Undergrad: 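The structure that follows is given in the form of structure tokens.
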Amino acid sequence: MLTRAALRYFPEVSNPYNTDDEIVLSIARHLPIMHAGCPVAVTHDHEGETRMRNSARRRFRGVAQLVWDHRLDVLQHHGSSMLFLWCLRVFRVFLEWQLELVALHTTSHESVSRRLQRNALNWYQRRLTRAHARLTAVLKNKFAQLYF
């Protein structure tokens, strides 16, 4: 619940993917935020154009912009090691986007050149999957929840 005092701290959001996150971060700079004491995840089920769950590309763009917009705050309050971990989270979402692209390209027509391309894509997909799994394991040790 937001109080009337919080309304004057609503930001002008330039990031269409993370409006809720931007609002919380902006208000938290000025007013105390009460936390539930445990990890909380909020998901939205609407089918809007900017919904991040619609595609890995949108998740990547939204997360990358959120980290970029708040990189100085993270650096100032948490240090360069935490900023590096957030950059790794951005890279993890980039890997998911690449996996989505590979999945789209491997379901196309069949021909000799297409089979060679599919074999190369399968090799690339295995490498992406392995890198994603390793990165997820590392980040799960550093963050309580991985929403993206």
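Fair warning: this is a prediction, and the values are worked out from it, not measured in the lab.
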Undergrad: Rounded to the nearest 0.5 Å, how far apart are CG of Leu121 and CG of Leu101?
TA: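 Spacing of CG (Leu121) from CG (Leu101) equals 10.0 Å.
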Undergrad: Just how far is it from atom CD of Gln65 to atom NE2 of His70, taken to the nearest 0.5 Å?
TA: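 Going from CD on Gln65 over to NE2 on His70, the span is 9.0 Å.
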Undergrad: Answer yes or no: is there a side-chain heavy-atom contact under 4.5 Å between Phe143 and Arg89?
TA: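 They are in side-chain contact.
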Undergrad: Kindly check if the number of other-residue, nucleotide or ligand heavy atoms within 6.0 Å of CZ (Arg134) is above 12?
TA: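 Result for CZ/Arg134: open.
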Undergrad: With a 4.5 Å cut-off on side-chain heavy atoms, are Leu83 and His78 touching?
TA: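 The answer is no, as the side chains (C-beta and beyond) never meet within the 4.5 Å cut-off.
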Undergrad: Quick check against the 3.5 Å criterion: does Arg71 have a side-chain atom that pairs as donor or acceptor with the backbone of Trp68?
TA: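 Here the side-chain-to-backbone pair exists.
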Undergrad: Starting at NE2 of His77, measure out to CG of Leu72 and round the result to the nearest 0.5 Å.
TA: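 His77 atom NE2 to Leu72 atom CG measures 10.0 Å (nearest 0.5 Å).
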Undergrad: Between Val138 and Val67, is there a shared hydrophobic cluster once you connect ILVMFWY residues whose side-chain heavy atoms come closer than 4.5 Å?
TA: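 Not linked; separate clusters.
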Undergrad: Any chance you could measure Leu128, atom CG, to Arg126, atom CZ, to the nearest 0.5 Å?
TA: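 Leu128 CG to Arg126 CZ: 11.0 Å, rounded to 0.5 Å.
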Undergrad: To the nearest 0.5 angstrom, please state how far the NE2 atom of His132 sits from the OG1 atom of Thr136.
TA: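 Answer for the NE2-OG1 pair, His132 versus Thr136, is 4.0 Å.
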Undergrad: Rounded to the nearest 0.5 Å, what separates atom CZ in Arg92 from atom CZ in Arg59?
TA: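 Result: 9.0 Å between the selected atoms.
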Undergrad: Where do Ala56 and Val93 come nearest, in terms of heavy atoms and distance?
TA: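 Heavy atoms of Ala56 and Val93 come nearest at O-CG1, 4.2 Å.
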Undergrad: Below 4.5 Å, heavy atoms only, C-beta onward: do Leu88 and Leu85 meet side chain to side chain?
TA: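 Yes, at least one pair of side-chain atoms sits under 4.5 Å.
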Undergrad: Just say parallel, tilted or perpendicular for the rings of Trp97 and Phe94, cut-offs at 30° and 60°.
TA: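 Trp97 and Phe94: perpendicular rings.
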Undergrad: Give the C-alpha distance, both sets of side-chain angles, the deciding distance and a yes or no for side-chain contact (heavy atoms from CB on, under 4.5 Å) between Gln98 and Tyr124.
TA: CA-CA 9 Å; Gln98 293 302 300; Tyr124 184 55; 3.3 Å; yes
